[in-house]
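What follows is a set of notes on a single structure, which appears directly below.
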Amino acid sequence: MTTPPRLTSSRSPGEGLPPLAGGIDGPDALRPLLGVVLDALRAGAVARGGPLPPGGPELLTAAVAETVAPAIPDHGHGAEEALRSLVEALAYGAADPADPRCAAHLHTPPLALAAAADLAASALNPSLDSWDQAPAASALEAEVTRALATEVYPRAARPDALVTTGGTEANQLAVLLARERHGPVRIVCGTGTHHSVRRSAWLLGLPEPVTVPAPDGTTDLAALDDALTALHGSPALVTATAGTTDAGLVDPLPGIADLCERHGAELHIDAAYGGPLLFSPRHRHLLRGLDRAHSVTLDLHKLGWQPVAAGILAVRDGTRLAPLAHTADYLNPDDDTEAGLPDLLGRSLRTTRRPDILKIAVTLRALGRDGLADLVDRTCAAAQECADLIEKHPALELHRRPVLTTVLFRPRGASDATVARLRRRLLHDGRAVLGRAHADGRLWLKATLLNPHTTAHDLDTLIALVEGSSTR
Ligand SMILES: *Cc1c(COP(=O)(O)O)cnc(C)c1O
């Protein structure tokens, strides 16, 4: 017969139970576990020895299944074994953006300091749906989002910003806010617009967006003018992009803002990729016109070097966020709000919400504007250097000089099918993780450089790998 657990016993409280992460004793419980985690991260990375392990999905899937099965054992293996085996398996099987040969997507190598801050967020576990779950975290979020909003809108009276899970959620919120102001608004966007904008229209029951041609990769102003004219003044939301996902190009923001003003359309700028150029005196000019948008998407898990998730939606006028207000009696009853407890439900469509602001705040404080500018500038310089190397290489063709940190290139004379196969071969062999993008009717390899530690030697290696594989 088993005896039911009792809360009071002769044993010290909690003895034999898995320890908690918080409280006075949490750090001491975490310290040895972190040692295990860090050793497993290192062991996995050493065993991998490159940007991703060789073998492709079949081998990797089998290896993970073998490590984890059964995923729900009858009897636990204990914390050390579970952490060691699974963290090592995940590290071994990672496409690790800290490796300079892992450069396919806007998949950032997070800064160590930001990952360390995220540990504190997990240990304390504040939830940003009510003040009584997150007293300091909510205050920190309010301060830092205001500062970020002011960075985007230095001349606005009441800028504000919300923390999101990324560019997708920020774009959805922007479209939602426009719909709340104007009813069934028509989205007008360039062909290079992120797919999440089109999905937002679908999600919110809005008409299909009007797509404006982007012949050189950025929205064509004359075509946008025509598209807005054809709407005859019915409510429109133009979405422009500062850093296209495929090619890292920036739409002509001032020209688009002029057209929006002339036609009475709203403007949202998706700066998920390019936004952090704001911190760089050298590159900030590329974002001229950004503060003429009603709302701006930023994504600090791209050029901001944050672990996922770290999205931001900034609005020029904080009163625009009013439609998000919402009451749930157990979280923000009116009398609590009237008595001065901050009301957090209107800061998101989510309820339980991680304090993603902590790692962002730590990063801003640790590096400052000039530290972030240095990272942005180094990463942009790496892209220029990569383009130089490709231009000098007789067997390779560069699509165009990079604007942000994306470099499109291909082996000269190769067919699209050859380019696609080459990318898959590099992946399968565990030698490089490169992306792909169509431009000017052809398929290109895409190097999205986000690693500020990348050296000229790393770029040489990457290019030599492509060149070597293309002649095999
Ligand atoms: C990455 C990206 C998004 C989507 O952001 P997530 O963080 O992946 O949700 C939206 N727009 C642009 C331009 C992007 O590059």
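Values reported hereafter were calculated over all heavy atoms of this structure, with side chains retained and with hydrogens, waters and symmetry mates removed. Each ligand, and each atom within it, is numbered from 1 in the order the structure gives.
Residue contact check for ligand 1: E169 places no non-hydrogen atom closer than 4.0 Å to it. Using a non-hydrogen distance threshold of 4.0 Å, G311 does not register as a contact of ligand 1.
For the pair H283 and D377, the minimum side-chain heavy-atom distance is below 4.5 Å. Between I256 and L267 there is a side-chain heavy-atom pair separated by less than 4.5 Å. Using a 4.5 Å heavy-atom threshold, the side chains of C386 and L449 count as touching. At a threshold of 4.5 Å between non-hydrogen side-chain atoms, the residues L140 and P355 do not count as touching. For the pair E151 and F279, the minimum side-chain heavy-atom distance is below 4.5 Å. With a 4.5 Å cut-off on side-chain heavy atoms, K446 and T448 count as touching. When side chains are defined from C-beta on, L445 does not count as touching L408, because their heavy atoms never get closer than 4.5 Å.
Interface atoms of ligand 1 facing G166, defined by a heavy-atom separation under 4.0 Å, are 7 (O), 9 (O). Close contacts of ligand 1 with D270, meaning ligand atoms under 4.0 Å from a residue heavy atom, involve 10 (C), 11 (N), 12 (C), 13 (C). Listed by number with element, the atoms of ligand 1 under 4.0 angstrom from any heavy atom of H301 are 7 (O). Using a 4.0 Å cut-off to heavy atoms of G243, the atoms of ligand 1 that qualify are 13 (C). The ligand atoms of ligand 1 that sit less than 4.0 angstrom from a heavy atom of T245 are 12 (C), 13 (C), 14 (C), 15 (O). The contact set between ligand 1 and H194, taken as ligand atoms under 4.0 Å from a residue heavy atom, comprises 2 (C), 3 (C), 4 (C), 10 (C), 11 (N), 12 (C), 14 (C). Numbered from 1 in the order shown, with element, the atoms of ligand 1 that lie under 4.0 Å from a heavy atom of D299 read 5 (O), 6 (P), 7 (O).
A salt bridge links R350 with E169; the closest basic N to acidic carboxylate O contact falls under 4.0 Å.
Atom 9 (O) of ligand 1 has as its closest protein heavy atom T168 OG1, 2.6 Å.
Formation of a donor-acceptor pair under 3.5 Å by the E467 side chain with backbone atoms of I463 is not found in this model.
With a 4.0 Å heavy-atom cut-off, ligand 1 is reached by the side chain of N171 but not by its N, CA, C or O. Under 4.0 Å from ligand 1, the heavy atoms of L106 that appear belong solely to its side chain.
Nearest to atom 14 (C) of ligand 1 by heavy atom, out of H195, H105, K302, is K302. In the candidate list G167, A310, A242, G167 is nearest to atom 6 (P) of ligand 1, counting heavy atoms.
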